Amino acid sequence: MDYQFKDIEKKWQQFWADNHTFKAENKTNKPKYYVLDMFPYPSGAGLHVGHPLGYIASDIFARYKRLKGFNVLHPMGYDSFGLPAEQYAIQTGQHPSVTTEDNIATYRRQLDQIGFSFDWSREVRTSSAGYYKWTQWIFMQLFNSWYNKEADKAISIADLVAHFENKGSAGINAVCDEEILSFTADEWKAFTEQEQQAELLKYRLTYLRESTVNWCAALGTVLANDEVKDGFSERGGYPVEQKKMMQWSMRITAYAQRLLEGLDTIDWPEPLKEMQRNWIGKSVGASVRFPIEQTTQNAQLTTNYIEVFTTRVDTIFGVTFVVLAPEHELVAALTTPEQKKDIEEYIAKTKKKSELDRMADTKTVSGAFTGSYVLNPLNGEKIQLWIADYVLAGYGTGAVMAVPSGDQRDYLFAKHFNLPIVPIIDIQNIETEADPTKEGTYINSDFMNGLDYKAGTAAVIAKLEEVGAGKAKVNFRMRDAVFGRQRYWGEPVPVYFKDGLPYLIDESELPLILPEIDKYLPTETGEPPLARATDWSYKPSNKPHPNPPREGGLKEQDGIYRETADPVYYEQLKDFSRDNRKNPTEAEDILWQLLRGEKTGYKIRRQHAIGQFIADFVSLKKGLIIELDGHHHKLNKEADDARTEVLNHLGFEILRFDNDEILDNPEKAINTIKRKLDELPERDKTKISGDQDEAKVSPSGGDLEGADADGSYAYELSTMPGWAGSSWYWYRYMDAQNDAEFASEEAIDYWKAVDLYIGGSEHATGHLLYSRFWNKFLKDIGKTPEEEPFKKLINQGMIQGRSNFVYRLSDEDGRGTNTFVSHGLIKDYKVSPLHVDVNIVDNEVLNLNKFKAWRPEYADAEFIMENGKYICGVEVEKMSKSKYNVVNPDDLIERYGADTLRMYEMFLGPLEQSKPWNTNGIEGVFKFLRKFWRLFHDADWNFTVSNAEPTKAELKSLHKIIQKVEQDIERFSFNTSVSSFMIAVNELTDLKCNKRAILHNMVIILEPYAPHICEELWVLLGNEAGTLSYAQYPTFNPAYLVEDEFSYPISFNGKMKTNVSLSLSLSNEEIEAAIRSHTDVLKYLDGKAPKKVIVVKGRIVNIVV
RNA sequence: GCUCAGAUGGUGGAACUGGUAGACACGCAGGACUUAAAAUCCUGUUCCCGUAAACGGAGUGCGGGUUCGAUUCCCGCUCUGAGUACCA
């Protein structure tokens, strides 16, 4: 039979699933190997061709390791808490768990048909209670721990309490908040419970504190730094502002040094390590205290010095002014009455500057003088105290000592405000700019004069310590990570409040189940969505948990729909409408072009907020809503029906269209709409209270301050951030069903750490850093054995989209015609480019019939072609629906099969390289698999293999590929191994080889790449089904590759001219003699004598003339 | 600005420690089979000169250098992509 990939692939996928072929055991006598993929967030769009790239690579590696005799753990799961499902819930009322469930089903179907060897019995979902129980549990361990600098590890908070009770705060060296108290054991015991808890909170590894956060009003939540791009949220692009809020934080800074050092012990791509190093941002320097001058001291001051951090403490005698950040807490107290106006104006100006302006404008020098002075701690010199926005409140101490001779920003500042510039190094050149050099010796520097950088720095630090004005210090750029957001779809934080202080719930109460709520937005007073929960008010008692697990389904759906929106909700809704308008779907856009303005005779608005909903299109006058059901709506019919009912109540008529109806025949839809509009009477507006556009909006921004103070609720309302669940999931795979522990000790001890982790570099400073942090913590508390969780990491490159264009001819008035010009001819015509679906273009040649069928208005399209073909234009862009360049793996599998897709994705280029997707070469891989299939079959497609002894040439081909593929897999060069397979099969085809001895081994080594076809052939060869995955990998035997002769390339002055075949047994002298007298060589020498002959045995001969 | 990665035919890419540049595949051109198309197979395909072959010349972003020999190592530059950004 011909190669029937569809039947074969279906058959074996079923077989693997039925027989649990890839189930990993937690204990065997085989060596273990753990291959991990970054688990996906199951988005509504499903997989595109770029997603599986890394999964295919890891699958090849996992299968290869199995064949090499390893017990392989290769699991998959879903990072299923997150914003998109929640956004969708807000807009539609659909419960995020339902959306998530649907999306996971799609992912699973798509993953299954690619033939991955995942052990699905270990699947995890971060949003399932059985999983987040342990995320909450880890949170509790962090809450119960503090970081002991002495031991350089996390220790139980109980030990800290014991120490306080015995010795007070003396002798504790902890990573903790700045403003800890000093007390004796007796004083500690005299503290109230509340005072003790407040003090302990300053030490805990997860703690509450007021911090400046990135608040995104549109999303109603706090975002992590890596979720904010240029002052806008990464997801959705909404504006983000800085805001103070009580927030859960994780003391990741306690681990800064270990996170930095650990990088040297792991096999990760250098750029990725570099990103983490920069993110951690270690700088070694000193902190120095500048006493505040007597005359400017006043009663409001809480200290009598300004502390700065510097990496160039050696330049202290070059300090000519000190600068505070405008937000520095001492600014007000240090401003003299004469300068008050200046300073206040400057601060006001700075505040107004948006994040964006500040970034765009790094050149303008600005600042203001406080009127106060500080003293140089080493020579008592009087120094002006300024404020300026180039000093950041969030880094170091929010104050710098300015050395204009050595720092360019200080230099510009000094020039601008006419402050002194003092050179301090003899060879410094400060004519036009600062000179940060460390060469030379010091001048104008008191006791340092004549010393060099190294000696000078040591001397200054010694002196500062002697006078108590400073000490050596290491500073990190990394901040503690915010660990909470005011959202619904995440892990509830297992904490309740007493007297305004957090306490853990009892461990036996875990999991603390996410409660049901009626809608997914902050409350009117700005509290997080969890405040809406009516069946959830956690009380720390022995009563049964008040929040039993949800039974699923949409039973309470009706409750979601109210006829009027509350003002906060409505304001949010309008934000979403705005965003929706910017990103219309294809069908929406087509319809909008036909409806916009008053083309129908009535004013139509699109993406307009009504009640609790956003209508796709609406005529407010006639009360007609036009809804377009995209793909996702189909999953959602119940919810849509319910909202139709509510809208009817409000006096609206609803027309619903399928996406395809619009795409296929927009004219028909328009006619239906027009008829309806004419038919309908004017809407009865009394049914809805007030016009929605004029709804009063509460000014609340969702501030949480004091939320617990009035006792209105006693439980934590924020949920954990997206990175919580993904910071430990690789341990759950080791023992996914365990209900007593996050994973058993035996399982963790067996699998230890991930041997190979494959995923994108976009997680460099998020997931990959937080995971290392939690891993170190889990090790500290004795739960896991390894300091680093991911031994080796490979970044797969991003797959970009590759768009195709057609060129529509314009008429004299510049309007588009229905004629299209081929790409090579566009310079001769007036045309406008239009995206065309890449799936109807083959090697840049447009399929004319498919194009005519693509859109009804192109049915009569005419073409100006070149050489009888219509050639499309090409551009590399992001893969996106609106650019019609999304290539879906489903379509390719339908046409070529999973084995071809797997091999083609690898053949595309080096795994780590980003590249545009291009389907052009896929035929070549498909042909290769057919050719491979044909080796086992005769001309009539009958399975025929010979038991004859293989020839020397056949064995050579085989062993060449065995060696090559092994080398390639070990260095993750999958593209070259695919090429080698093609070479091997081409050679064996030329040799007409159908020997069992050869083909048996070929099937084994190809299995990781193309498992389905190999399983089929394996059984045809007479082996037992299912044994291939664990077959004996063939051993490379170099004896088969030994040659007696080598065809030496002969080059003259490095230019290759000819070849001479010689025996490999000859010595260098014999080779040289043979070459010198060879007729071909003599011909090239043309009578001249060679100056020198270089012989590299088995490689090359070079003749210098 | 800083840090990192990269630049090779019409295209994706190969050349692993300095040793025959362009493997493998796509595309293209020509041919076989066929009434025809598809499929399949064969041949050619870096560029320039040349009808073709032989032969010759140029050639791995640009300019230099080291070397018998450089896509590979060194110096300087250009461009592209990614990360980061007043970090004291």
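All values below come from the heavy atoms of this structure, side chains included, with hydrogens, waters and symmetry mates left out. All of these numbers come straight from a predicted model, not from anything done at the bench. In what follows, chains carry the letters A, B, and so on, assigned in the order in which the sequence lines appear, proteins first and then strands, with residues in each chain numbered from 1.
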**Study point:** Span that lies between the P atom of B:G12 and that of B:G64, in whole angstrom
**Key:** 28 Å
Review point. The side chain of A:Met982 lies closest to which of these nucleotides: B:G19, B:C24, B:A88?
Key: B:C24
Point to revise | Distance in angstrom units between A:Ile871 CD1 and B:C28 C1', rounded | key: 11 Å
Practice item. Sugar-phosphate atoms are those with a prime plus P, OP1 and OP2; base atoms are the rest. Using that split, label each nucleotide of nucleotides 10-18 of chain B B, S or - for protein heavy atoms under 4.0 Å, 5' to 3'. Key: --BSSSB--
Review point. With a 4.5 Å heavy-atom cut-off, do A:Ile347 and A:Ile387 have their side chains touching?
Key: yes
Point to revise | Pairing partner (Watson-Crick or G-U wobble, both distances under 3.5 angstrom) of B:G44 | key: B:C28
Practice item. Answer whether the closest heavy-atom distance between the side chains of A:Met865 and A:Leu848 falls below 4.5 Å. Key: yes
Practice item. Answer with base, sugar-phosphate or nothing: what part of the nucleic acid does A:Asn475 contact at a heavy-atom distance below 4.0 Å? Key: nothing
Check your understanding: In whole angstroms, how far is the P atom of B:C26 from the OH atom of A:Tyr904?
Key -> 10 Å
Practice item. Quick one: label A:Tyr1084 by what it contacts on the DNA or RNA (base, sugar-phosphate, nothing), any heavy atom closer than 4.0 Å. Key: sugar-phosphate
Point to revise | SB check A:Glu923 A:Arg930 (cutoff 4.0 Å) | key: no
Check your understanding: In the structure shown, which nucleotide is the Watson-Crick or G-U wobble counterpart of B:G22, with both distances under 3.5 Å?
Key -> none
Exercise for review: Assess the side chains of A:Asp435 and A:Tyr411: does a donor N or O sit below 3.5 Å from an acceptor N or O?
Suggested key: no
Check your understanding: Who does B:U35 pair with, Watson-Crick or G-U, both distances under 3.5 Å?
Key -> none
Review point. Taking it one step at a time, do A:Phe290 and A:Val319 satisfy side-chain contact (heavy atoms from CB on, under 4.5 Å)?
Key: CA-CA 11 Å; A:Phe290 285 75; A:Val319 175; 4.2 Å; yes
**Study point:** Short side-chain N/O contact to B:A88 OP1/OP2 from A:Tyr395, under 4.0 Å
**Key:** yes
Study note, to complete from the structure: A:Lys931 NZ to B:A39 P, in whole Å, measures 16 Å
Review point. Is there a Watson-Crick or G-U wobble partner for B:C73 with both distances under 3.5 Å, and if so, which one is it?
Key: B:G65
Point to revise | Gap between atoms CH2 and P, on A:Trp933 and B:U40 respectively (whole Å) | key: 17 Å
Review point. If you measure only the distance, is there a donor-acceptor pair under 3.5 Å linking the side chains of A:Asn986 and A:Lys931?
Key: yes
**Study point:** Length of the line joining A:Glu987:CD and B:C24:P, which is rounded to integer Å
**Key:** 10 Å
Point to revise | Same-atom distance (C1') from B:G18 to B:U71, integer angstrom | key: 11 Å
Review point. B:G6: syn or anti, with syn meaning chi within 90° of zero?
Key: anti
Review point. With both distances under 3.5 Å as the test, what is the Watson-Crick or G-U wobble partner of B:G9?
Key: none
Review point. Counting just side-chain N and O atoms, does A:Arg477 come under 4.0 Å of either OP1 or OP2 of B:U84?
Key: no
Review point. Out of B:A5, B:A21, B:C68, which nucleotide sits closest to the side chain of A:Met1056?
Key: B:A21
Exercise for review: Tell me, please, which residues at least two apart from A:Asn795 pass side chain to side chain contact (heavy atoms under 4.5 Å, CB included).
Suggested key: A:Pro269, A:Leu272, A:Ser761, A:Leu793, A:Glu912
Check your understanding: A:Tyr904 and A:Tyr896: aromatic ring centres closer than 6.0 Å?
Key -> no
Exercise for review: Considering only atom P, compute the distance from B:C16 to B:A7 and round it to an integer number of Å.
Suggested key: 13 Å
Study note, to complete from the structure: Of B:A88, B:U20, B:C68, the nucleotide closest to the side chain of A:Val400 is B:A88
Revision key, fill the gap. Of the listed B:G83, B:C68, B:U20, the closest approach to the A:Met275 side chain comes from B:G83
Check your understanding: So A:Tyr1084 and A:Phe1052, would you call those rings parallel, tilted or perpendicular, with 30° and 60° as cut-offs?
Key -> tilted
Review point. Given B:U20, B:A88, B:C68, which nucleotide is nearest the side-chain atoms of A:Thr311?
Key: B:A88
Point to revise | Separation between the C1' atoms of B:G10 and B:G65, rounded to whole Å | key: 34 Å
Dump every N/O contact between nucleotides 57-66 of chain B and the protein below 3.5 Å, one line per pair.
{"residue": "B:G57", "atom": "OP2", "partner": "A:Lys1057", "partner atom": "NZ", "Å": "3.4"}

Revision key, fill the gap. Note: for A:Gly398 and A:Arg934 on RNA chain B, the residue whose nearest nucleotide lies more 5' is A:Arg934
Point to revise | Euclidean distance for P, B:A53 against B:A15 (whole angstrom) | key: 30 Å
Review point. Less than 4.5 Å apart, any side-chain heavy atom of A:Asp899 and any of A:Tyr3?
Key: yes
Check your understanding: For A:Lys1091, which contact category applies under a 4.0 Å heavy-atom criterion: base, sugar-phosphate, or nothing?
Key -> nothing
Point to revise | Rounded distance (Å) that lies between atom C1' of B:C26 and atom CE of A:Met906 | key: 18 Å
Practice item. With RNA chain B as reference, determine whether A:Gly924 or A:Asn278 sits nearer its 5' end, using the nearest nucleotide of each. Key: A:Asn278
Exercise for review: Round to the nearest Å and state the distance from A:Phe974 atom CZ to B:C24 atom C1'.
Suggested key: 18 Å
Check your understanding: Which one, B:A88, B:U3, B:A85, comes nearest to the side chain of A:Ser283?
Key -> B:A88
Revision key, fill the gap. Mate of B:A85 across any strand shown (Watson-Crick or G-U wobble, both atom pairs under 3.5 Å) is none
Check your understanding: Whole-Å distance between B:C24 P and A:Ile961 CD1?
Key -> 13 Å
Point to revise | Gap in Å between the two C1' atoms, one belonging to B:A23 and one to B:C77, rounded | key: 32 Å
Point to revise | Nearest-nucleotide pick for A:Lys1092, side chain only, options being B:U20, B:C55, B:C68 | key: B:C68
Review point. Would you say the side chains of A:Asn475 and A:Ser283 form a donor-acceptor pair under 3.5 Å?
Key: no
Check your understanding: Looking at B:U84, B:A23, B:C86, which one has an atom nearest to any side-chain atom of A:Ile983?
Key -> B:A23
**Study point:** Minimum-distance nucleotide to A:Thr310 side chain [options: B:A88, B:C24, B:U20]
**Key:** B:A88
Point to revise | Axial cation check for A:Tyr390 ring with A:Arg409, 6.0 Å and 45° limits | key: no
Check your understanding: Using atom C1' of each nucleotide, how far apart are B:U60 and B:G9 to the nearest Å?
Key -> 10 Å
Practice item. For nucleotides B:A25 and B:G13, find the distance between their C1' atoms and express it as a whole number of Å. Key: 9 Å
**Study point:** Spacing of CG belonging to A:Asn376 relative to CD1 belonging to A:Ile316, to within rounding of 0.5 Å
**Key:** 5.0 Å
Point to revise | Sugar-phosphate only, base, or nothing, as touched by A:Val1104 at under 4.0 Å among non-hydrogen atoms | key: sugar-phosphate
